[in-house]
Amino acid sequence: MNWRRDFIPPTALIIFLILSWFFVTKVTGLKPFILPTPLDVIEAGLRTRGLLLDAIGTTLLSTAIGMTLALLTGLGIATLMDLWPLVRRALYPILVASQTVQILAIAPILVIWFGFGIMPTIFIVVLSCFFPLAVSTADGLTSADPELLALLRAMGATRRQIWRMVRLPAALPSFFSGLRIAITYSVVAATVGEWVGGSSGLGMYMLRSKNALATDQVFVAMLITTLLSIALFMLVYGIERIVLPWYYSAQRKEQWDEMGIY
Amino acid sequence: MSSPCIEFRHVSKTFAGAKHIVPALEDVSFVVQPGEFVTIIGPSGSGKSTLFNLCVGLFEPDKGEILIDGERKRNRAGMVGYMPQRDLLLPWRSVLDNVIIPLEIQGIPRKVARQRALEILPHFGLKTFENEYPSALSGGMRQRAALLRTWLMGRSTLLLDEPFGALDALTRKELQNWLLTVWQEFSRTVLFITHDVEEAVYLADRVIVLSPRPGKIKLELTVDLPHPRHQSMTTEPEFGKLVRELLTELGVNT
Ligand SMILES: Nc1ncnc2c1ncn2[C@@H]1O[C@H](COP(=O)(O)OP(=O)(O)O)[C@@H](O)[C@H]1O
Ligand SMILES: [Mg+2]
């Protein structure tokens with residue numbers, strides 16, 4: 001990554017936005033419970049840091065469990081859809097429908113089934129994250145060049161060998177795109193889950209702060225959620241670049257650069 | 001006497017397209033003997049690639065039969081070396097790991113396969129390139145890698161589908177000479193598709209000419225030039241005569 005080019009612009013923009021925020025609160029003199037200043041927010045974060053650290057731990061745990069299950073479900077569904085076209089046809093509409101389910105509508109049901117706690121949260125993370133994984137992986141598995149498959153067949157490869165040598169590696173870039181989307185949703189999904197059906201975590205922290213009209217703390221929770229999402233996104237991106245060196249090869253980047261659209 | 005490497009007996013093949021049926025090959029019969037270098041030439045769409053796809057068992061003929069090494073096999077996959085028109089290297093594998101694919105298919109452990117490939121890599125002018133990704137290679141190098149991959153299938157018969165079709169004239173001439181050298185050195189049998197008349201004559205012991213769709217064999221031309229070939233031969237009258245004969249047959253001559 002080119003730090004000067006890729007890092008400075010967003011940092012500058014963020015600093016500008018924070019300064020504007022500061023400026024607006026000062027000029028308008030809004031009450032802190034309507035719009036706290038950046039300093040209020042930092043102060044609130046430090047004041048409640050014990051609570052916050054606990055909450056972050058809980059939320060990250062739910063996110064990790066949820067993402068693991070989402071990965072298993074997503075990859076499982078993608079594999080099934082790939083092996084049996086009938087499964088694909090039968091399942092696809094249902095998968096799409098699952099994404100239109102309103103979390104707020106199913107939350108009470110989840111609470112009735114599992115009680116307040118970590119289970120509804122995990123369920124909501126899985127529901128929000130398995131879909132991009134399943135779709136991107138299923139698409140990736142069909143992205144291999146048919147002529148390539150024919151070549152391997154002509155060389156005497158079995159179906160299993162073709163899967164391992166061609167179809168699986170060809171699916172990886174697409175899978176990672178899905179993973180990046182899923183991981184970005186995951187933390188927010190966890191906090192929403194905690195808000196509607198949890199007993200602890202960042203979502204609960206946010207809900208309690210809201211009920212206490214501690215707007216500065218709501219901002220703290222939002223900020224931390226965002227930072228966690230970005231960190232996880234970067235983590236996946238880093239893993240991707242290690243796992244797919246050929247995809248991020250210097251030549252490829254150069255070609256994009258030459259076209260001026262990288 | 002050993003049996004022919006490849007024998008086509010009255011082979012016909014028709015494809016069912018989206019709108020209409022396409023007769024690709026009609027009553028094609030020919031024989032390739034061990035050690036021969038045979039080129040196939042014909043206009044685009046005359047069924048040249050289809051011939052190869054039938055040979056390697058990607059399709060079955062509608063009529064007629066195909067014999068490999070004198071045997072009529074139901075499953076012909078993996079019996080002859082096959083290099084398709086496009087190089088089809090896997091972008092996520094290094095050159096070395098690309099060329100060992102046929103060995104892996106045969107169940108040879110990667111380490112052993114790599115060792116074997118490394119020994120022969122210099123013959124293919126790929127030394128020092130083994131760890132590159134295909135995207136870093138020039139067109140000529142990619143063709144060499146695809147050829148080595150075909151080679152490592154370990155079959156005595158090689159089917160090469162326009163291997164040099166997309167290369168610039170200089171690289172192409174260089175690779176032609178090189179191919180003739182390895183063909184002689186390792187005594188293989190080669191069936192080589194081209195749409196270049198001079199290339200067809202320069203490489204071959206025999207040229208098979210296909211008619212426009214549906215492909216039928218119009219002519220088999222024996223090339224009586226001595227081996228090893230040299231680029232200087234292309235200016236000799238004998239060479240020019242053969243080229244003119246082919247051009248006339250293909251309907252391009254004045
Ligand atoms: N798999 C296929 N399905 C349908 N039509 C095909 C297929 N393969 C080849 N054809 C048709 O058969 C004809 C001969 O094709 P091909 O063997 O590729 O010709 P050539 O290699 O001589 O250019 C073409 O008209 C082509 O469209
Ligand atoms: Mg062709």
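Chain identifiers are assigned alphabetically (A, B, ...) following the order of the sequence lines, protein sequences preceding nucleic acid strands; residue numbering begins at 1 within each chain. The figures that follow rest on heavy atoms only: side chains count, while hydrogens, waters and symmetry mates do not. Predicted model, so just to flag it, every value in this text is computed and none were measured.
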query: Any chance CZ of A:Phe114 has more than 12 other-residue heavy atoms, nucleotides or ligands included, within less than 6.0 Å?
result: yes
message: Is there a side-chain contact (heavy atoms from CB on, under 4.5 Å) between B:Arg93 and A:Met165? Walk through the geometry before answering.
response: CA-CA 10 Å; B:Arg93 284 189 175 216; A:Met165 292 203 262; 3.6 Å; yes
task: Mark yes when over 12 heavy atoms from residues, nucleotides or ligands other than B:Arg110 sit less than 6.0 Å from its CZ; otherwise mark no.
output: yes
field: A:Ala170 portion near chain B, given a 4.5 angstrom heavy-atom threshold
entry: both
task: For atom CD of B:Glu185, decide whether the heavy atoms of other residues, nucleotides or ligands shown that lie under 6.0 angstrom number more than 12.
output: yes
Positions in residues 43-71 of chain B that reach chain A, provided some heavy atom is under 4.5 Å away: B:Val56, B:Leu58
- request: Might you point out which heavy atoms bring B:Glu104 and A:Gln161 nearest each other, and give the distance in Å?
  value: O-NE2, 3.6 Å
field: Per-residue contact mode, A:Leu152 against chain B (heavy atom under 4.5 angstrom)
entry: both
task: Decide if atom CG of A:Leu13 counts as having more than 12 heavy atoms of other residues, nucleotides or ligands within a radius under 6.0 Å.
output: yes
query: Hey, which residues of residues 82-91 of chain B are touching chain A, say heavy atoms under 4.5 Å apart?
result: B:Tyr82, B:Pro84, B:Arg86, B:Leu88, B:Leu90, B:Pro91
- request: With a 4.5 angstrom heavy-atom cut-off, could you sort out which part of A:Arg160 is near chain B: side chain, backbone, both or neither?
  value: neither
Gap between atom CE of A:Met155 and atom CD of B:Gln106 - 0.5 Å precision: 9.5 Å
- line: Minimal heavy-atom distance between A:Gly156 and B:Ala77, with the atoms involved, is CA-CB, 3.9 Å
